Amino acid sequence: MPDLLSTRITNRWVVRSSDANHLGTAHGGSIVKWMDEVGGMSAVTFAGKWCVTAHMGSVDFNRPIHTDDTVHVEAYVYEAGETSVRVHVNASREDLRTGELEPASEAHIVYVAVDEDHEPSVVPSLQVGTEEGEKLRKAALNGDPDRE
């Protein structure tokens, strides 16, 4: 069974003018796309199957990310159902020189694993085997407004 920390995926993008609005900051749609891509990679890593986006909770844009800034996106699975996978995703502005991250956006995304016929498929149980994993899981659960 996959462990939470084994589902942790990070990626980076440089905001180019084609990703930005007239104010020189990243389009919300570009940030959401990047968050969905990394979240999907985390879900597939966990499920061992292709996953499709089923639901994305609200996304708040708390800090602008400017053209030529680096966007750091991190995602990890924090809960699994029978066929669904809940993934916590953060997007931050990153200073590549120092590694400093300034949180910009956060989302909770639900993916559904699918089989070869594109039908929902059973996923494994999530294991949380470390203190760090449990801390991440609790933080995601506490911040998920869509969780029942």
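All figures in this text were calculated on a predicted structure; none of them were measured in a lab.
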With no hydrogens and no angle check, is any side-chain donor or acceptor of D19 less than 3.5 Å from a backbone partner on S30? no
Any salt bridge linking E132 with R8? Criterion: basic side-chain nitrogen under 4.0 Å from a carboxylate oxygen. yes
Charged N-O contact under 4.0 Å between E37 and K33: yes
With no hydrogens and no angle check, is any side-chain donor or acceptor of D95 less than 3.5 Å from a backbone partner on G99? no
For the pair T45 (side chain) and M41 (backbone), establish whether a donor and an acceptor sit closer than 3.5 Å, ignoring hydrogens and angles. yes
Under 3.5 Å side-chain donor-acceptor pair for H88 and E106: yes
Does R12 use its side chain to pair, donor to acceptor, with the backbone of V71 at less than 3.5 Å? no
Tell me the closest heavy-atom pair linking A113 and V123, and the distance in Å. CB-CG1, 3.4 Å
Non-hydrogen atoms of V89 and G39 that approach each other most closely: CG2-CA, 4.0 Å
Any donor and acceptor pair, going by atom type alone, linking the side chain of T67 with main-chain N or O of G24 inside 3.5 Å? yes
Is a salt bridge present between R86 and D144, judged by a nitrogen-to-oxygen distance below 4.0 Å? yes
Strictly distance-based, threshold 3.5 Å: is any side-chain N or O of H108 a donor or acceptor partner for the main-chain N or O of G57? no
Minimum-distance pair of heavy atoms, taken over all atoms of L101 and P103: O-CD, 3.8 Å
Heavy-atom closest pair, residues I31 and S105: CG2-OG, 4.1 Å
Verify, without hydrogens or angle tests, whether T7 (side chain) and Y76 (backbone) share a donor-acceptor contact under 3.5 angstrom. no
All heavy atoms of V110 vs all of S84, minimum pair found to be CG1-CB, 4.0 Å
So, the side chain of D60 versus the backbone of N62: is there a donor-acceptor pair under 3.5 Å, distance only? no
Exam field: side chain D115 to backbone D117, donor-acceptor pair closer than 3.5 Å: yes
In this structure, is the centre-to-centre distance between the rings of Y111 and H55 below 6.0 Å? no
